Colleague: 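This structure is in structure tokens; I'll ask about it shortly.
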Amino acid sequence: MKIAIINGPNLNLLGKREPEVYGNITFESFFETLKSKYPTLELSYFQSNIEGELIDKIQEVGFTYDGIILNAAAYTHTSVGIGDAVKAIITPVIEVHISNTFARETFRHQSFISPNAKGIIIGFGLKSYELALQSFL
């Protein structure tokens, strides 16, 4: 089973950025833990701060992978293009967020991804990614 994890803007700063919200572990370290915990899965990871690169990656894996775990970060609330990319592909997408977006600013309550996602997992820290991964098993 092939699963892609795609992260959006500023998630490259995990471990440094607002540790009270996002924790103090880098995503790369967490990803290595996931790979060792699920050795039979083919996991890939991509992160970009650029909206078009995220869309390109969604389109690239969206017809051949078994699942996508997508944390579009701030683009979740602003990008019609990412929402349209999720709608256009056949691979199921789980939208994830590290923090509970509904406990934050009002603008974070809107998602252009959710209407086309298989499911949404928010607010469980990095564990959100593992919960999303388990949904594909």
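Worth saying up front: this structure is predicted, and the values here are computed from it rather than measured. If you read the sequence from its start, that first residue is 1, and numbering goes on from there.
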Colleague: Are any non-hydrogen side-chain atoms of Y129 and F27 less than 4.5 angstrom apart?
Modeller: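 Of all side-chain heavy-atom pairs linking F27 with Y129, at least one is under 4.5 Å.
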Colleague: The test is side-chain contact (heavy atoms from CB on, under 4.5 Å); show your working for I98 and L14 and say whether it passes.
Modeller: CA-CA 10 Å; I98 296 167; L14 289 176; 3.8 Å; yes
Colleague: Given F124 and L131, is the side-chain contact (heavy atoms from CB on, under 4.5 Å) satisfied, shown in steps?
Modeller: CA-CA 9 Å; F124 293 97; L131 293 169; 4.0 Å; yes
Colleague: Establish whether I122 and I113 are linked, either directly or via other cluster members, by ILVMFWY side-chain heavy-atom contacts under 4.5 Å.
Modeller: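 No, because I122 and I113 fall into different hydrophobic clusters, even though each may have its own neighbours under 4.5 Å.
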Colleague: Report the C-alpha distance between L34 and I5 in whole Å, list the side-chain angles of each, state the deciding distance to 0.1 Å, and finish with yes or no for side-chain contact (heavy atoms from CB on, under 4.5 Å).
Modeller: CA-CA 11 Å; L34 273 184; I5 298 174; 3.9 Å; yes
Colleague: Can you label the angle between the Y45 ring and the F31 ring as parallel, tilted or perpendicular, going by 30° and 60°?
Modeller: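 Tilted: the ring planes of Y45 and F31 meet at 30° to 60°.
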Colleague: Are I68 and L133 connected, step by step, through hydrophobic side chains (Ile, Leu, Val, Met, Phe, Trp, Tyr) whose heavy atoms are closer than 4.5 Å?
Modeller: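 As far as the 4.5 Å side-chain criterion goes, L133 and I68 are not connected within one cluster.
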Colleague: If you round to the nearest 0.5 Å, how far is CD1 of I58 from OG1 of T91?
Modeller: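 If we round to the nearest 0.5 Å, T91:OG1 and I58:CD1 are 11.0 Å apart.
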Colleague: Spell out, yes or no, whether F136 and I6 are grouped together once hydrophobic residues are joined by side-chain heavy atoms under 4.5 Å, including indirect joins.
Modeller: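 In one cluster: no.
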Colleague: On a heavy-atom basis, which atom in G62 and which in I89 lie closest, and how many Å separate them?
Modeller: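 Shortest heavy-atom separation between G62 and I89 comes out as O-CB, 3.3 Å.
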Colleague: Looking at every non-hydrogen atom in both residues, tell me the closest pair between I55 and G81 and how far apart they are.
Modeller: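 Smallest heavy-atom distance, with atoms named: CD1-C, 3.7 Å.
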Colleague: Has the side chain of T76 got a donor or acceptor atom that lies under 3.5 Å from a matching backbone atom of A73?
Modeller: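 Yes; judged by distance alone, with no hydrogens or angles, the pair exists.
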Colleague: Mark yes or no for whether S29, through its side chain, and I25, through its backbone, hold a donor-acceptor pair below 3.5 Å.
Modeller: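 The answer is no, because no donor-acceptor pair under 3.5 Å joins these two groups.
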Colleague: Between D56 and E60, is the side-chain contact (heavy atoms from CB on, under 4.5 Å) condition met? List the steps.
Modeller: CA-CA 6 Å; D56 287 345; E60 177 188 323; over 6 Å; no
Colleague: Can you check salt bridge (Lys or Arg N to Asp or Glu O under 4.0 Å) on E130 and K37, steps first, answer last?
Modeller: CA-CA 10 Å; E130 187 172 359; K37 194 168 182 179; 2.7 Å; yes
Colleague: Are V80 and I120 in one and the same hydrophobic cluster, where Ile, Leu, Val, Met, Phe, Trp and Tyr link if side-chain heavy atoms are under 4.5 Å apart?
Modeller: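 Hydrophobic grouping puts V80 apart from I120.
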Colleague: Does any donor atom in the side chain of Q134 or Y38 lie under 3.5 Å from an acceptor atom in the other side chain?
Modeller: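 Yes - a donor-acceptor pair under 3.5 Å links their side chains.
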Colleague: Would you say that I3 contacts E42 through its side chain, given a criterion of any heavy-atom pair below 4.5 Å between the two side chains?
Modeller: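 No, side chains not in contact.
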Colleague: Report yes or no: do S111 and E95 form a side-chain donor-acceptor pair below 3.5 Å?
Modeller: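 Yes, because at least one side-chain N or O of S111 sits under 3.5 Å from a partner of the opposite role on E95.
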Colleague: Examine distances only and state if a side-chain atom of D66 and a backbone atom of K2 form a donor-acceptor pair shorter than 3.5 Å.
Modeller: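 Judged by distance alone, yes, a pair lies under 3.5 Å.
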Colleague: Is the backbone of V96 close enough, under 3.5 Å, to the side chain of S128 for a donor and an acceptor to pair up by distance?
Modeller: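 It does not hold such a pair.
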Colleague: Quick check on the hydrophobic clustering: are F30 and I121 connected, directly or via other members, by side-chain heavy-atom contacts under 4.5 Å?
Modeller: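 Yes: a chain of side-chain contacts under 4.5 Å links F30 to I121.
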Colleague: Can N49 and Q47 be counted as having a side-chain donor-acceptor contact under 3.5 angstrom?
Modeller: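 Yes - a donor-acceptor pair under 3.5 Å links their side chains.
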Colleague: Apply the test ring pair (Phe, Tyr, Trp, His ring centres under 6.0 Å) to residues Y75 and F112: give CA-CA distance (whole Å), side-chain angles for both, the deciding distance (0.1 Å), then the verdict.
Modeller: CA-CA 9 Å; Y75 287 138; F112 287 102; over 10 Å; no
